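On a predicted model such as this, the values are computed, not experimentally measured, just so you know.
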Amino acid sequence: MLSAFTPVIGREVLTAARRPSDALGGLLFFIVVASLFPLAVGPDPALLLSIGPGVVWVAALLAVVISLHRVFQPDLEDGSLEQMLLSPSALGVIVSAKVVAHWLLGCLPLVAVAPLLALQYGLGPESLLALLASLLLGTPTLALLGAFGAALTLGLRGHALLALIVLPLCVPVLIFGSSAVSAAGQGLPVGPQLSLLGACLSLSVFLCPWATGAALRLAVE
């Protein structure tokens, strides 16, 4: 399994190093969107505190979605996707490696800067910890669901259909994630929300790589 898993991740990291603008685009989008809301709604601390969890989570979700078309499109254009399909390694393993690389390059930076952006909304230490935990559990699920959507829409012009497919699937993650941060701010337990995020991640890990592989075979045929 590692014979196919590790080289795919290394190839993705090398490709991202050659084109840093692709990897940084989602991060810059996340920073800009999360920073614009306080300017738009005004300096009311109570209002910022109430909308902060939802704004940061929505900005993270949109930042993940706008980068999803790059998961498989370059492989389709340079022919490496056909090599992946013909590889003796299980396609689900290769897809999992692609998703892990996409999360490391596109989602982990969002998780790293999210607590800093959340400070402008006045979130306390408990909320920041809940935000960090919820993003660490939620963004891998977004990446897995997004890869499935990217495979379904592979080869199509424009990315509107990809967003229309992925965004509804991500609604439960968005609700549980923002709810965990809001509950932490009110001094309530966040275990139930984090458990639900963990359940979403477990289900996605089990189903999405194989469903994405099947969608890739249909796209190439």
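- Residues Leu188 and Leu196 do not share a hydrophobic cluster, defined by chaining ILVMFWY side chains whose heavy atoms lie under 4.5 Å apart.
- When every heavy atom of Gly146 is checked against every heavy atom of Leu68, the shortest pair comes out as CA-CD1, 3.4 Å.
- Evaluation of the salt bridge (Lys or Arg N to Asp or Glu O under 4.0 Å) rule for Arg217 yields no partner, not counting sequence neighbours.
- Scanning all heavy atoms of the two residues, the minimum distance from Leu48 to Val41 falls at CD2-CG2, 3.5 Å.
- Val32 belongs to a hydrophobic cluster with Leu36, Leu39, counting contacts under 4.5 Å between side-chain heavy atoms of Ile, Leu, Val, Met, Phe, Trp and Tyr, direct or through other members.
- In this structure, Val99 is a member of the same hydrophobic cluster as Leu85, with clusters built from ILVMFWY side-chain heavy atoms closer than 4.5 Å.
- Cluster membership check: Leu91 shares its hydrophobic cluster with Val100, using side-chain heavy-atom separations under 4.5 Å among Ile, Leu, Val, Met, Phe, Trp and Tyr.
- Annotation: side chain of Ser134 is in contact with side chain of Leu197 (closest heavy-atom distance under 4.5 Å).
- The CG atom of Leu123 sits 5.5 Å away from atom CG of Leu128, with the distance rounded to the nearest 0.5 Å.
- Between atom CD of residue Glu126 and atom CG of residue Leu131 there is a gap of 13.0 Å, rounded to the nearest 0.5 Å.
- Under the 3.5 Å distance criterion, the side-chain polar atoms of Lys98 are matched with a main-chain donor or acceptor of Val71.
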Which is it for Phe176 and Cys200 under the side-chain contact (heavy atoms from CB on, under 4.5 Å) test, yes or no, and what are the steps along the way?
CA-CA 10 Å; Phe176 299 147; Cys200 291; 4.0 Å; yes

Check: residues 164-171 side-chain donor-acceptor pairs under 3.5 Å, at least two apart:
none

Between Arg70 and Asp75, is the salt bridge (Lys or Arg N to Asp or Glu O under 4.0 Å) condition met? List the steps.
CA-CA 9 Å; Arg70 295 195 302 270; Asp75 299 321; over 6 Å; no

Show, in sequence, the C-alpha distance, side-chain angles and deciding distance for Trp57 and Val173, and conclude whether the side-chain contact (heavy atoms from CB on, under 4.5 Å) test is met.
CA-CA 9 Å; Trp57 253 100; Val173 178; 3.9 Å; yes

side-chain contact (heavy atoms from CB on, under 4.5 Å) assessment of His102 paired with Glu12:
CA-CA 8 Å; His102 180 71; Glu12 294 298 313; over 6 Å; no

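- Hydrophobic clustering, with ILVMFWY side chains joined whenever heavy atoms are under 4.5 angstrom apart, keeps Leu129 apart from Val190.
- Scanning both residues, Leu201 and Thr141, for their nearest heavy atoms gives CA-OG1, 3.3 Å.
- Nearest heavy atom pair, residue Ala60 against residue Leu110, reads O-CD1, 4.0 Å.
- Around the CZ atom of Phe37, the shell of radius 6.0 Å holds no more than 12 heavy atoms that belong to other residues, nucleotides or ligands.
- Between Ala114 and Val56, the shortest heavy-atom contact is CB-CG1, 4.3 Å.
- Interatomic distance, Ser35 OG to Leu116 CG, rounded to the nearest 0.5 Å: 10.5 Å.
- Atoms CG and CD1, on Leu14 and Ile9 in that order, are 13.5 Å from each other to the nearest 0.5 Å.
- Residues that satisfy the side chain to side chain contact (heavy atoms under 4.5 Å, CB included) test with Ala59, not counting sequence neighbours, are Phe30, Val33, Ala34.
- Side-chain contacts under 4.5 Å among hydrophobic residues (ILVMFWY), followed directly or transitively, place Leu207 together with Leu203, Phe206.
- Atom-to-atom distance recorded for Phe148:CZ and Ser204:OG is 11.0 Å, nearest 0.5 angstrom.
- Taking CG of Leu135 as the reference point, atom CG of Leu132 lies at 7.0 Å (rounded to 0.5 Å).
- Residues Ala215 and Ala151 come closest through the heavy atom pair CB-CB, 3.7 Å.
- By the side-chain hydrogen bond (donor to acceptor under 3.5 Å, both in side chains) test, Ser179 pairs with Gln193, sequence neighbours left out.
- Trp210 and Val95 fall into different hydrophobic clusters, defined by Ile, Leu, Val, Met, Phe, Trp and Tyr side-chain heavy atoms under 4.5 Å apart, directly or through other members.
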Is there a side-chain contact (heavy atoms from CB on, under 4.5 Å) between Tyr121 and Val55 once you walk through the steps?
CA-CA 9 Å; Tyr121 294 93; Val55 169; 3.1 Å; yes

